[in-house]
Amino acid sequence: MSATPLEFSAIDAGRHPVFVGRDVLKALDAHLADTPRTAVFILGDENTLRHCLPELLARVPQVRRGEPIGVPAGEASKSLPVCQEIWSYLTARAADKQALLVCLGGGVVSDLGGFIAGTYKRGIRCVHVPTSLMAMVDAAIGGKSGIDLAGIKNVVGLYHDPLAVYLHTPFLKSLGKRDLLNGLAEMLKHGIVRDADHFEAICAAPLHDLDALAELVYHSAAIKAAVVKEDPWESGPRKALNFGHSIGHGLEAFSWEGSQRALLHGEAVAAGMLCEAWLSWRMGLLDRAVCDRIAAQVQNLYRPYPLDDGAQHRIVELMRNDKKNHDGQFRLSLPTALGSVQVDVPATAAQVLEAVEHYRLLVKE
Ligand SMILES: NC(=O)c1ccc[n+]([C@@H]2O[C@H](COP(=O)([O-])OP(=O)(O)OC[C@H]3O[C@@H](n4cnc5c(N)ncnc54)[C@H](O)[C@@H]3O)[C@@H](O)[C@H]2O)c1
């Protein structure tokens, strides 16, 4: 009697594959069986080690002898002190160049884990097993890794491709609604920059029905993978994925400074997309109807983030360190229709300020 074939398939992200499907963890086990290594370390945060590690160990016997490395949950773990602790731990365990790091977590773990894997002993291999929606559709795909410094996001980092990414959507069961919506923002973005039908499908996304959501997750991951494959080093088309992120990163960093709730990355990107779609309309690049459609969707899904008068100046100030800036000028990726985007659009500080002010007045209590 022949064994039942495993149900999984590969999405080509160029420099690494993304595996999806029902038996994706069995595929991981089979692939690891063929991957010689001296040790396995499993990086996770307190939530993913609690909610996801037991299932990983049950379904992937190859990692059972792996040593878990836990970091506190949240963006603060993307920091130099946490890196130092992990590098020291690895040296204390005499981890060598043939060690393998399994990154089990959300975008914080994939960004941090990719950075650790890329720098430890000038690079060890890693695999990403994303557990949040944000990481499944975006953060774990494409090899970008990094940490934050002095309140500036992702300012120290490198490209370090994982051997592969394994999307096991049942991990999403333990994710809260706020974190699902957080990841959904990047899926909306994928629709806006590449696929109008996907945007419409995300607008009607069944967040309560993970089986139905899985198909949309795979489609978003495929969009991200296709863009990354086309432009692995972000010299052109990959910049499309920065839509919403210029102003979004400014808002996110601003929210870390104040006494209000800190915005999650996706929440900041959602507000950033509203601002940048409006800016695109102001610059004559986008129809008002499409701009309004994007704004309505953002407002329908995400709580407003009220800003005091004057906050807009600080947000623009915080954007001055944006990696996309060129020669002191802001460079944005702005939508020109549902499904298409123009990259490297120059914008002055005054134009960006006006877009943030538009958001501030729109959500004013
Ligand atoms: N490298 C890239 O291309 C890229 C792209 C997008 C985002 N990012 C980065 O990703 C980060 C945001 O990712 P995120 O939203 O996943 O944040 P996160 O990793 O902090 O995860 C969000 C929360 O969900 C918890 N969690 C994750 N999976 C869970 C599960 N299955 N069950 C229960 N709880 C779970 C985490 O512990 C955390 O509390 C940001 O730092 C952002 O800059 C990177």
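Just so you know, ligand 1 is whichever comes first in the structure, and atom 1 is the first atom listed for that ligand.
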For residues Lys144 and Asn154, is any side-chain donor paired with an opposing acceptor at under 3.5 Å?
no
Ordered by chain then number, the protein residues lying under 4.0 Å from ligand 1 by heavy atom are Asp45, Asn47, Thr48, His51, Cys52, Ala73, Glu75, Lys78, Gly106, Gly107, Val108, Asp111, Thr131, Ser132, Met134, Asp138, Ala139, Lys144, Lys153, Asn154, Phe171, Ser174, Leu175, Asp179, Asn182, Lys224, His265
Listing, residues 205-213 side-chain donor-acceptor contacts under 3.5 Å, not counting sequence neighbours, or none:
| from | atom 1 | to | atom 2 | distance (Å) |
| --- | --- | --- | --- | --- |
| Asp209 | OD1 | Asp211 | N | 3.2 |
| Asp209 | OD1 | Ala212 | N | 3.2 |

For Glu252 and His245, does a side-chain donor sit closer than 3.5 Å to a side-chain acceptor?
no
Distance-only side-chain donor-acceptor flag, Ser220 / His190, under 3.5 Å:
yes
If the plane angle is over 60° it's perpendicular, under 30° parallel, otherwise tilted; pick one for Phe8 and Phe19.
perpendicular
Has the side chain of Ser280 got a donor or acceptor atom that lies under 3.5 Å from a matching backbone atom of Glu276?
no
